[in-house]
**Q** 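Mind having a look at this structure? Questions to follow.
These numbers come from the heavy atoms of this one structure, side chains and all, not from hydrogens, waters or symmetry mates.
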Amino acid sequence: MKPQLASLRIFARKVWALSTPYFSSEDKWKARTWLAGIVILNLVSVYLLVLFNDWYKVFYDALEKRDQAVFWQQLLRFTWIAFALIIVAVYKFYLTQLLEVRWRAWMTRNYLDRWLAHKTFYKMELARFSGAATSPDNPDQRIQEDLNLFTTYTLSLSMGMLNAVVTLVSFVGILWSLSGGFSFSLNGTTYEIAGFMVWMAVVYCAVGSVLTHFIGRPLIPLNFQQQRYEADFRHHMVRVREYSEAIALDRGEKVEEQHLDLRFASVLANYLRLIRAQKNLIWFTSFFGQAAVVFPFIVAAPRFFSGTIQLGQLMQISSAFGRVQDSLSWFVDNYDSLARWRATADRLTSFEDSIVAQSKLQGADLTTSAEGLGALDLALRLPGGDTLLSGLSLAVNAGDSVLLKGPSGSGKSTLFRAFGGIWPFASGKVTVPDDMMCIPQNPYFPDGKLRDALAYPEPAAQYSDEQLKQALDQALLPQFATRLDDEDAWTQKLSGGERQRLSIARVMLKNPRWLLADEATSALDPQAEETLYKRLLERVGIAKGAIVSIAHRPALEAFHTRRWVLEPQPAGMGERYRLVDATP
């Protein structure tokens, strides 16, 4: 029991830390005002229900006595109470929805900011692909869907619990005063239980809550898994769309269909288990709810038939018992929603833990300088912990052109990632120029206008049409000069060579002094590669910078004055490769 309580306390602290920042944010006064308004409206609705309970007695007594004047008077009273309840219900809904959407918007912006800051999104993917157990799956789903569910369920359940507590406090006294005592004899001694109806309600609901938890507890892990399987299925469909051309050329439709079928089978199998668990819970809660309708009449019937109470008081007892029972049965009635909320909260708290953990992975000590590019005592590790390179000290000065070579998997791209400041599994010191650009082998372009893809990540408005067209022409893409305002999915639309030339066009547009080129021309024909490398070297030469390239083609050696080679090391050396300066 103690470990369970400790686990529950830890979970409660995490949920509290997840829920409260918005109410201390820059929107705190709006948020607190809306929340206070919802609380006040809940209290008003409970007060109106108390008035309704009193109305039951007077109205049904008037029916029993056939008192027409009181009958019409009570109908008028019913009208204004009902109208007030309608107003409260409408504005409670409006304020609740307003708070939900603003809370979700703030949390979404907050998580997007933290997910994208410090390259956390990239570090999470590295951890996930390395098989780290703590790396969350589908961060997009957690931000888009789980935050929505969390704010909705947290607000509705917390306000529902508040309503239940206030209703219980308001009606338990009424039920106590109406229920009278219950007497029984045991071994010649007479015992009397005061507030008998209250104790019956407590016993009834306590038994129901225990049985509900016992029957419904499988729902929490099943809901957690359902969200995961749904997100995996959706993610793979997105990948099919993104790599549609490659899949079509490889005739991989059947394989992808099999993969999608497997993922959907997981969705379906878990959903069927979820349905069976919900069915078992509904069996019990339906029986519990229906029995609660007649239970107060059964308990109070002896007093009514003996003439101790009148019809109006019987109906008032039934109404008060129903309110107390509803309050005490809040756990029973909301168990399915609580299970969904718990699963959502678990996913978000694990996502929060991962963001905090990954943001702390800073990698090598990175500084910027106008002097050049270099590293001191740099060590590079794989996500699993194996050391690729260690004790690496090197320098690139203005005017240099360096070619980095080595076998596949030797850490060439990893070294570039360390220079780019994104590799978290590194130690030592790295100095990078303040005016450096990287040209990846597979560049990214946002969907939208071509001018935005060319200027990315800067706004296209920062450049004139003439500058954009000149950059395209310099990168051997003159045919795109008239398509600056065309909108398309450029990453999928363009060929491999066109994507690499468009990436080089960015360099021509922004004119940096220092370049890191990772197989930047591997998809180009030799003539285009030669032309573009000459232009890149001319750019950095004019700007008094340098270029460091990764390339396998022997033809590119002619464009570089220095050679770095990564050589494999024997087992037991502590590192897999060593960098050797092989400049002739």
**Q** Test side chain to side chain contact (heavy atoms under 4.5 Å, CB included) on Leu450 and Trp490 and set out the steps.
**A** CA-CA 8 Å; Leu450 179 60; Trp490 298 106; 3.6 Å; yes

**Q** Given side chains that start at C-beta, do those of Gln97 and Val101 come closer than 4.5 Å, heavy atoms only?
**A**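 No - every pair of side-chain heavy atoms lies 4.5 Å or more apart.
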
**Q** Please examine the side chains of Trp115 and Pro139, heavy atoms only from C-beta on, and report whether any two atoms are closer than 4.5 Å.
**A**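 Side-chain contact under 4.5 Å: yes.
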
**Q** Just how far is it from atom CG of Leu389 to atom CZ of Arg381, taken to the nearest 0.5 Å?
**A**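 Rounded to the nearest 0.5 Å, the CG-CZ separation comes to 12.0 Å.
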
**Q** Can you find a side-chain donor-acceptor pair between Trp106 and Glu26 that sits under 3.5 Å?
**A**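 There is such a pair between these side chains.
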
**Q** Does the side chain of Leu149 reach to within under 4.5 Å of the side chain of Glu145, using non-hydrogen atoms?
**A**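 Side chain of Leu149 against side chain of Glu145, heavy atoms only: contact under 4.5 Å found.
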
**Q** Does atom OH of Tyr271 have more than 12 heavy-atom neighbours, drawn from other residues, nucleotides or ligands, at distances under 6.0 Å?
**A**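 Counting neighbours around OH of Tyr271, 12 or fewer heavy atoms of other residues, nucleotides or ligands fall under 6.0 Å, so no.
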
**Q** Compare all side-chain heavy atoms of Arg576 with those of Asp386 and state whether any distance is below 4.5 angstrom.
**A**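 Yes, close enough: below the 4.5 Å cut-off.
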
**Q** Rounded to the nearest 0.5 Å, what's the gap from CD on Glu100 to CD1 on Ile38? Could you check?
**A**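 Reported value, rounded in 0.5 Å steps: 8.0 Å.
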
**Q** Under a 3.5 Å threshold, yes or no: a donor from one side chain and an acceptor from the other, between Gln141 and Arg347?
**A**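 A donor-acceptor contact under 3.5 Å links the two side chains.
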
**Q** Quiz question: by atom type and distance under 3.5 Å, do the side chains of His236 and Glu256 form a donor-acceptor pair?
**A**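 Yes, side-chain donor-acceptor contact under 3.5 Å.
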
**Q** Give a yes/no verdict on a cation-pi contact between Arg32 and Trp29, requiring under 6.0 Å between NZ or CZ and the six-membered ring centre and an angle within 45° of the axis.
**A**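 Satisfied, under 6.0 Å and within 45°.
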
**Q** Are the charged groups of Asp140 and Arg234 less than 4.0 angstrom apart, N to O?
**A**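 So Asp140 does not pair with Arg234 through a salt bridge.
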
**Q** Taking the six-membered ring of Phe11 as reference, does the NZ or CZ atom of Arg342 fall below 6.0 Å from its centre and within a 45° cone about the axis?
**A**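 Yes, Arg342 sits over the ring of Phe11.
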
**Q** Among His259, Arg263, Arg228, find the residue that satisfies the side chain to side chain contact (heavy atoms under 4.5 Å, CB included) test when tested with Phe233.
**A**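 So the option named by the test is Arg263.
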
**Q** Under 6.0 Å from the six-membered ring centre of Tyr111 and within 45° of its axis: does the NZ or CZ of Arg114 meet both?
**A**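 Positive - Arg114 is close enough to the ring of Tyr111 and near enough to its axis.
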
**Q** Would you say the side chain of Leu222 lies within less than 4.5 Å of the side chain of Asn270, judging by non-hydrogen atoms?
**A**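 Asn270 vs Leu222: side chains touch.
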
**Q** Spell out, as yes or no, whether a donor-acceptor pair under 3.5 Å connects the side chain of Ser19 to the backbone of Trp16.
**A**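 Side chain of Ser19 to backbone of Trp16: no pair is present.
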
**Q** Grab the two heavy atoms, one from Ile439 and one from Ala520, that are nearest each other, plus how far apart they are.
**A**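 Between these two residues, the closest heavy atoms are CG2-CB, 3.6 Å.
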
**Q** Are any side-chain N or O atoms of Lys119 and backbone N or O atoms of Pro424, one a donor and one an acceptor, separated by less than 3.5 Å?
**A**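 Not a single qualifying donor-acceptor pair exists.
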
**Q** Is a donor on one side and an acceptor on the other found under 3.5 Å between the side chain of Trp103 and the backbone of Ala31?
**A**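 No; judged by distance alone, with no hydrogens or angles, the pair does not exist.
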
**Q** Ignoring hydrogens and angles, state whether a donor on the side chain of Ser390 or Glu575 is under 3.5 Å from an acceptor on the partner side chain.
**A**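 Present: a donor and an acceptor within the cut-off.
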
**Q** Hey, is the main chain of His118 close enough, under 3.5 Å, to the side chain of Lys123 for a donor-acceptor pair?
**A**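 Pair found, side chain donor or acceptor close to backbone of His118.
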
**Q** For Ser413, what residues pass the side-chain hydrogen bond (donor to acceptor under 3.5 Å, both in side chains) criterion, not counting sequence neighbours?
**A**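 Checked Ser413 against side-chain hydrogen bond (donor to acceptor under 3.5 Å, both in side chains); matches are Asp518.
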
**Q** Between Asn163 and Ser45, is any pair of side-chain heavy atoms under 4.5 Å apart?
**A**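 Result yes, sub-4.5 Å side-chain heavy-atom pair found.
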
**Q** Just wondering, do Leu566 and Leu404 contact through their side chains at under 4.5 Å, heavy atoms?
**A**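 Yes - at least one pair of side-chain heavy atoms lies under 4.5 Å apart.
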
**Q** Looking at Phe445, is its backbone amide N or carbonyl O close enough to the side chain of Thr491 to form a donor-acceptor pair, meaning the two atoms are under 3.5 Å apart?
**A**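 Between the backbone of Phe445 and the side chain of Thr491 there is a qualifying donor-acceptor contact (under 3.5 Å).
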
**Q** Are Asp485 and Arg451 ion-paired here, with the side-chain N under 4.0 Å from a carboxylate O?
**A**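 Salt bridge between Asp485 and Arg451, a charged N being under 4.0 Å from a carboxylate O: yes.
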
**Q** Verify, without hydrogens or angle tests, whether Thr152 (side chain) and Asn148 (backbone) share a donor-acceptor contact under 3.5 angstrom.
**A**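 Between the backbone of Asn148 and the side chain of Thr152 there is a qualifying donor-acceptor contact (under 3.5 Å).
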
**Q** Before you tell me yes or no, could you show the steps for Ile355 and Phe121 under side chain to side chain contact (heavy atoms under 4.5 Å, CB included), namely the whole-Å CA-CA distance, both residues' side-chain angles and the distance that decides it to 0.1 Å?
**A** CA-CA 8 Å; Ile355 285 181; Phe121 66 98; over 6 Å; no

**Q** Grab the two heavy atoms, one from Ala339 and one from Asn223, that are nearest each other, plus how far apart they are.
**A**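 Of all heavy-atom pairs spanning Ala339 and Asn223, the closest is CB-ND2, 3.9 Å.
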
**Q** What heavy-atom pair brings Ala460 and Ala455 nearest, and what distance separates the two atoms?
**A**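 Looking at all heavy atoms of both residues, the shortest contact is CA-CB, 3.7 Å.
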
**Q** Hey, could you give me the CG/CZ distance between Leu98 and Arg102, rounded to the nearest 0.5 Å?
**A**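 Going from CG on Leu98 over to CZ on Arg102, the span is 5.5 Å.
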
**Q** Under a 4.5 Å cut-off applied to non-hydrogen side-chain atoms, are Val267 and Gln226 in contact?
**A**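 In short, these two side chains touch, coming nearer than 4.5 Å.
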
**Q** Ignoring hydrogens and geometry, is there a side-chain-to-backbone donor-acceptor pair from Ser495 to Glu498 under 3.5 Å?
**A**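 Indeed, once roles are kept as given, a pair shorter than 3.5 Å links the two residues.
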
**Q** Could you tell me the separation between the CG atom of Leu268 and the CZ atom of Arg273, rounded to the nearest 0.5 Å?
**A**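 Here the interatomic distance stands at 10.0 Å.
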
**Q** Please give me the minimum heavy-atom distance between Arg506 and Pro446, naming the atom from each residue.
**A**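 Residues Arg506 and Pro446, closest heavy atoms: NH2-CD, 4.2 Å.
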
**Q** Report the C-alpha separation of Leu147 and Leu348 in whole Å, then their side-chain angles, then the decisive distance to 0.1 Å, and conclude whether the side chain to side chain contact (heavy atoms under 4.5 Å, CB included) test is met.
**A** CA-CA 8 Å; Leu147 283 179; Leu348 283 177; 3.9 Å; yes

**Q** Taking atom types as modelled, is there a side-chain donor on Gln500 or Ser522 under 3.5 Å from an acceptor on the other?
**A**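 Note: Gln500 and Ser522 side chains meet the donor-acceptor criterion.
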
**Q** Measuring from atom CG of Leu35 to atom CG of Leu155, what distance do you get when rounded to the nearest 0.5 angstrom?
**A**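 If we round to the nearest 0.5 Å, Leu35:CG and Leu155:CG are 7.0 Å apart.
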
**Q** Does Thr120 use its side chain to pair, donor to acceptor, with the backbone of Leu116 at less than 3.5 Å?
**A**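 Side chain of Thr120 to backbone of Leu116, a donor-acceptor pair under 3.5 Å: no, none is there.
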
**Q** Does Ser503 use its side chain to pair, donor to acceptor, with the backbone of Arg499 at less than 3.5 Å?
**A**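 No, Ser503 side chain to Arg499 backbone: no donor-acceptor pair under 3.5 Å.
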
**Q** In terms of the angle between their ring planes, are Trp341 and Phe150 parallel, tilted or perpendicular, with boundaries placed at 30° and 60°?
**A**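 Rings of Trp341 and Phe150: parallel, as their planes differ by under 30°.
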
**Q** Is a side-chain N or O of Glu487 found less than 3.5 angstrom from the main chain of Lys449, in a donor-acceptor match?
**A**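 No, because the side chain of Glu487 does not come within donor-acceptor range (under 3.5 Å) of the backbone of Lys449.
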
**Q** Which pair of heavy atoms, one from Gly409 and one from Leu388, lies closest together, and at what distance?
**A**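 Result for this residue pair: O-CD2, 3.9 Å.
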
**Q** What distance do Phe419 atom CZ and Leu378 atom CG have between them, rounded to the nearest 0.5 Å?
**A**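 Here the rounded value is 7.0 Å.
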
**Q** Using side chain to side chain contact (heavy atoms under 4.5 Å, CB included), reason through Ile143 and Thr108 one step at a time and then give a plain yes or no.
**A** CA-CA 6 Å; Ile143 294 174; Thr108 300; 4.0 Å; yes

**Q** Is it true that atom CE of Met161 has more than 12 heavy atoms of other residues, nucleotides or ligands lying nearer than 6.0 Å?
**A**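 Result for CE/Met161: open.
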
**Q** Are Tyr456 and Tyr444 close enough, and set up right, to give a ring-ring contact (aromatic ring centres under 6.0 Å, His included), and what steps lead you there?
**A** CA-CA 9 Å; Tyr456 181 84; Tyr444 165 78; 5.5 Å; yes

**Q** Closest heavy-atom contact between Ser408 and Tyr577?
**A**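 Of all heavy-atom pairs spanning Ser408 and Tyr577, the closest is O-OH, 4.4 Å.
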
